[in-house]
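All values below come from the heavy atoms of this structure, side chains included, with hydrogens, waters and symmetry mates left out.
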Amino acid sequence: LPDARDGLKPVHRRILYAMHDMGLAASSSYKKSARVVGEVLGKYHPHGDSSVYDAMARMAQDFSLRYCLVDGQGNFGSIDGDSPAAMRYTEARLARIAEMVLQDIEMDTVDWGPNFDDSLEEPLVLPAMVPNFLVNGTSGIAVGMATNVPPHNLREIADAIVFLVDNWERRDDIAMEELMVFVKGPDFPTGGIILGTEGIKQAFGTGRGRILVRARTVIEETRNGRFRIIVTEIPYQVNKSSLIERIAELVREGRLDQISDLRDESDRDGMRIVIELKSGAAPRKVANRLFKHTALQTTFGVNTLALVKGEPATLGLRRALIVYVEHRFE
């Protein structure tokens with residue numbers, strides 16, 4: 001489970017600190033990922049190298065993290081589910097925002113503990129000038145517990161923190177509606193549209209809720225009077241190639257009989273899935289059937305569970321912000 005103060009699990013914290021220790025700042029040159037992984041394994045994290053590299057690669061994926069903590073060079077995987085290249089090929093350094101997460105760590109700001117063989121000290125939490133827990137979210141499974149925190153917009157969270165600090169005396173009485181003036185809801189790196197605010201209110205209030213996320217679609221009319229549906233954003237954590245395969249499967253089975261062609265025109269400028277319809281097809285009806293039967297509409301189950309003073313706790317938005325501000329004060 002992540003720590004509610006810096007939003008990191010031990011492996012992520014160790015990777016960021018090891019990179020900081022190696023001098024891999026955002027302004028430095030890239031170094032081979034294998035060097036970083038070796039450093040983390042040898043000094044702080046005595047587990048398999050793939051667990052470290054997978055965690056590091058995820059921190060470099062702009063479709064997984066709202067604000068990437070690692071600046072990667074090379075193939076770090078794609079939204080189609082391709083795995084990253086082997087660590088001997090890729091290179092990495094800290095992203096600028098990760099430097100903010102580590103800022104002032106030398107100035108006796110956080111508690112330290114011994115590493116696995118008692119030869120070095122490692123930070124037990126990072127200073128986290130950026131409210132990483134809410135901004136990047138996290139998901140994980142512990143013993144009999146699971147956590148799933150959606151990412152949020154940095155500006156919105158920062159505004160909410162300013163409001164909280166200005167009203168610190170009545171921090172426990174701040175209503176959720178007051179915070180929702182600033183934080184409208186989760187902000188997923190892959191875009192998409194959140195349907196309704198009920199799930200958001202529930203998640204912010206209690207720390208648990210179900211948020212309905214739908215792909216962003218545009219309906220275009222072609223020259224011959226037919227229609228096509230263009231998908232430009234898909235829900236968070238949906239694999240694009242699996243989604244397209246699923247649509248094709250439904251067409252083959254005859255359950256979506258109004259689709260004539262399906263193409264993936266995504267390129268480096270962004271996502272574009274084109275669904276051509278047969279003549280006479282009603283585009284709105286087809287879109288609704290796609291939302292019903294495919295991952296173009298999914299539910300994100302929010303479960304804001306994190307460690308507070310070493311104990312797992314479910315946090316609403318206000319509590320998560322208070323824990324973060326108290327950490328910064330300390």
Side-chain angles (χ1 to χ4, degrees), residues 1-20 24-26 30 33 36-37 40 51-85 87 90-103 126-141 146-158 183 185-192 194 211 213 233-240 268 270-271 298 300-306 320 324:
L1 295 176
D3 193 297
R5 296 170 293 178
D6 61 4
L8 296 169
K9 302 175 191 175
V11 64
H12 301 112
R13 193 176 299 120
R14 287 163 173 168
I15 291 167
L16 294 178
Y17 178 65
M19 290 174 80
H20 171 76
L24 288 184
Y30 292 92
S33 301
V36 178
V37 172
V40 176
S51 63
V52 176
Y53 183 53
D54 290 349
M56 177 178 140
R58 191 172 177 278
M59 289 197 282
Q61 294 172 342
D62 59 0
F63 53 89
S64 293
L65 258 66
R66 182 67 185 77
Y67 302 93
C68 292
L69 297 172
V70 171
D71 175 9
Q73 188 165 273
N75 168 16
F76 277 91
S78 76
I79 198 161
D80 286 328
D82 306 314
S83 49
M87 57 184 163
T90 58
E91 302 181 343
R93 63 185 179 192
L94 287 172
R96 279 181 61 192
I97 199 162
E99 290 189 352
M100 305 290 284
V101 176
L102 287 150
Q103 192 168 317
L126 297 183
M129 185 175 277
V130 177
N132 183 59
F133 176 58
L134 286 166
V135 159
N136 267 327
T138 182
S139 67
I141 300 163
T147 179
N148 204 20
V149 186
H152 296 81
N153 187 292
L154 179 59
R155 290 184 184 191
E156 292 182 3
I157 295 292
V183 187
D187 185 16
F188 298 109
T190 49
I194 294 177
I211 292 176
V213 188
E233 297 171 5
I234 60 174
Y236 187 48
Q237 288 173 334
V238 168
N239 181 321
K240 175 159 64 72
R268 61 184 181 176
M271 183 176 299
T298 57
F300 186 93
V302 178
N303 188 6
T304 317
L305 191 76
Y324 172 73

For this session: For E233, check side chain to side chain contact (heavy atoms under 4.5 Å, CB included) against everything at least two apart and list the hits.
Result: R216
Problem set entry | Minimum-distance pair of heavy atoms, taken over all atoms of I15 and V40 | CA-CG2, 3.8 Å
Problem set entry | Side-chain touch P150/F188, heavy atoms, less than 4.5 angstrom | yes
Problem set entry | Residue among D187, T190, N136 satisfying side chain to side chain donor-acceptor pair (under 3.5 Å) with R66 | D187
For this session: Please name all residues satisfying side chain to side chain donor-acceptor pair (under 3.5 Å) with Q61, sequence neighbours left out, ordered by chain then number.
Result: S64
Problem set entry | Inter-residue atom distance I234.CD1 - M271.CE, 0.5 Å rounding | 4.0 Å
Problem set entry | Residues which pass ring pair (Phe, Tyr, Trp, His ring centres under 6.0 Å) with H12, listed by chain and number, not counting sequence neighbours | none
Exercise. Any sub-3.5 Å donor-acceptor pair from N75's side-chain atoms to P84's backbone N or O?
Worked result: no
For this session: Considering non-hydrogen atoms only, spot the tightest contact between E156 and G185 and give its length.
Result: OE1-O, 3.8 Å
Seminar exercise, completed: Scanning both residues in full, the closest heavy-atom pair of V183 with I157 reads CG2-CD1, 4.1 Å
Exercise. How would you list, by chain and number, every residue that makes a side chain to side chain donor-acceptor pair (under 3.5 Å) with N148, sequence neighbours excluded?
Worked result: none
For this session: Ignoring hydrogens and angles, state whether a donor on the side chain of Y236 or T298 is under 3.5 Å from an acceptor on the partner side chain.
Result: no
Exercise. For S78, what residues pass the side chain to side chain donor-acceptor pair (under 3.5 Å) criterion, not counting sequence neighbours?
Worked result: D82
For this session: Answer whether the closest heavy-atom distance between the side chains of Q237 and P235 falls below 4.5 Å.
Result: no
For this session: Could you pull out all residues at least two apart from K9 that satisfy salt bridge (Lys or Arg N to Asp or Glu O under 4.0 Å)?
Result: none
Exercise. Rounded to the nearest 0.5 Å, what separation is found between the CG atom of L134 and the CG atom of L154?
Worked result: 11.0 Å
Exercise. Looking only at heavy atoms, which two atoms of L305 and A146 are closest? And how far apart?
Worked result: CD2-O, 3.6 Å
Problem set entry | Within-4.5 Å side-chain heavy-atom neighbours: Y53 and S33 | yes
Problem set entry | Y17: partners by ring pair (Phe, Tyr, Trp, His ring centres under 6.0 Å), with sequence neighbours left out | Y44, W112
For this session: Rounded to the nearest 0.5 Å, what's the gap from CE on M129 to CE on M100? Could you check?
Result: 5.0 Å
Exercise. Between H20 and L102, is any pair of side-chain heavy atoms under 4.5 Å apart?
Worked result: yes
Exercise. So do F63 and P189 actually touch side chain to side chain, heavy atoms under 4.5 Å?
Worked result: no
For this session: Take I79 and N239 through the test side chain to side chain contact (heavy atoms under 4.5 Å, CB included) and record every step on the way to the result.
Result: CA-CA 6 Å; I79 198 161; N239 181 321; over 6 Å; no
Seminar exercise, completed: Contacts of F133 meeting ring pair (Phe, Tyr, Trp, His ring centres under 6.0 Å) (sequence neighbours excluded), chain-then-number -> none
Seminar exercise, completed: Residue pairs passing the salt bridge (charged side-chain N to carboxylate O under 4.0 Å, His left out) test with at least one member in residues 93-102, sequence neighbours excluded, are D71-R93
For this session: Among T147, L8, V149, find the residue that satisfies the side chain to side chain contact (heavy atoms under 4.5 Å, CB included) test when tested with P2.
Result: T147
Seminar exercise, completed: Those residues at least two apart in sequence (or on a different chain) that pass ring pair (Phe, Tyr, Trp, His ring centres under 6.0 Å) with Y67 are none
Seminar exercise, completed: When rounded to the nearest 0.5 Å, the distance separating CE of M19 from CG of L69 is 10.0 Å
Problem set entry | Residues forming a side chain to side chain donor-acceptor pair (under 3.5 Å) with T304, sequence neighbours excluded | none
Exercise. Is the shortest heavy-atom distance from the side chain of D3 to the side chain of R13 under 4.5 Å?
Worked result: yes
Problem set entry | Student check: side-chain heavy atoms of I97 and N132 closer than 4.5 Å | no
Problem set entry | Residue list, side chain to side chain contact (heavy atoms under 4.5 Å, CB included) with A158, at least two apart or on another chain | none
Exercise. Say you draw a straight line from OH of Y30 to OG1 of T90; how long is it, rounded to the nearest 0.5 Å?
Worked result: 11.5 Å
Exercise. Which atom pair, heavy atoms only, marks the closest approach of L65 to M59?
Worked result: CD2-CA, 3.9 Å
